Amino acid sequence: METMKLSTYISEADIQKKVKDLGQTLSQKLKGRDVVAICVLKGSFVFFSDLIRSMDMDLQVEFFGVSSYQGTTSSGEVKVTLDLTHPIEGKDVILVEDIVDTGLTMNYLKNALLSRMPRSLTTVALLEKPEALKVPCELDYVGFKIPNDFVVGYGLDYQGHYRNLPYIAQVQNFN
Ligand code: IMP
């Protein structure tokens, strides 16, 4: 892949502060409950691992693999690539997404999880692009609302690259 020019969009310090706040809020809400935090692969894995470590409570983790993206525009199709390994019936579930763009993936995930009868479902996304929503998508917690820009880093990729950046960046030289 050609080298892309990146500019900082949200700094590592700002992300870490926001993630700590979200973790504390979630702990206050769910402490003492039978919690399963679900990491949506692949994009959420960095956010997820920081978020659960900022939560002052015991919980279990699960991974749900979906793929919905080719290049920089959403196809609207959601393909399940990895299912949960345990039932979530009766559990207090936290669904952790990296970014809500059109809202199609989050809506799909919410419906898929609610059909498995959890006791409660709390949705968290690090980023949301309100201008890009194609379907109504209510979220319980959002880290940052951003304009309709394509961003990478902190788990988010462009063609599989840049997931390991510790901050969120915008790619400057898209064709
Ligand atoms: P949605 O279904 O359109 O809301 O798309 C959600 C998925 O698209 C996210 O989980 C990301 O994997 C991907 N995505 C959306 N916007 C971006 C972006 O700006 N950068 C990288 N991936 C994105």
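Predicted model, so just to flag it, every value in this text is computed and none were measured. Read the numbers this way: they start at 1 and go in the same order the structure lists the ligands and their atoms.
- Note on ring orientation: taking the six-membered ring where Trp is involved, the planes of F150 and Y158 are perpendicular (angle over 60°, cut-offs 30° and 60°).
- Among V152, T102, L127, the residue whose heavy atom lies nearest to atom 3 (O) of ligand 1 is T102.
- The side chain of D98, and not its backbone, has at least one atom closer than 4.0 Å to an atom of ligand 1 (non-hydrogen atoms only; side chain from C-beta on).
- On a distance-only criterion, M106 and ligand 1 share no N/O pair closer than 3.5 Å.
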> How far apart are the C-alpha atoms of V61 and F48, what are their side-chain angles, what is the distance that settles it, and do they pass the side-chain contact (heavy atoms from CB on, under 4.5 Å) test?
Replying inline: CA-CA 10 Å; V61 300; F48 183 83; 3.7 Å; yes
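- Near K129, meaning under 4.0 Å from any of its heavy atoms, are these atoms of ligand 1: 16 (N), 17 (C), 18 (C), 19 (O).
- Salt-bridge annotation for D83 and R116: present, with a side-chain N of the basic residue lying under 4.0 Å from a carboxylate O of the acidic one.
- Note on ligand 1: V78 sits outside its first shell, no heavy atom being nearer than 4.0 Å.
- Using 4.0 Å as the threshold, E97 has a heavy atom nearer than that to some atom of ligand 1.
- Per-residue contacts place L156 under 4.0 angstrom from the following atoms of ligand 1 (heavy atoms of the residue considered): 21 (C), 22 (N).
- Checked by atom type, the side-chain pair T123/K110 shows no donor-acceptor distance below 3.5 Å.
- Under the 4.0 angstrom criterion for non-hydrogen atoms, D149 is in contact with ligand 1.
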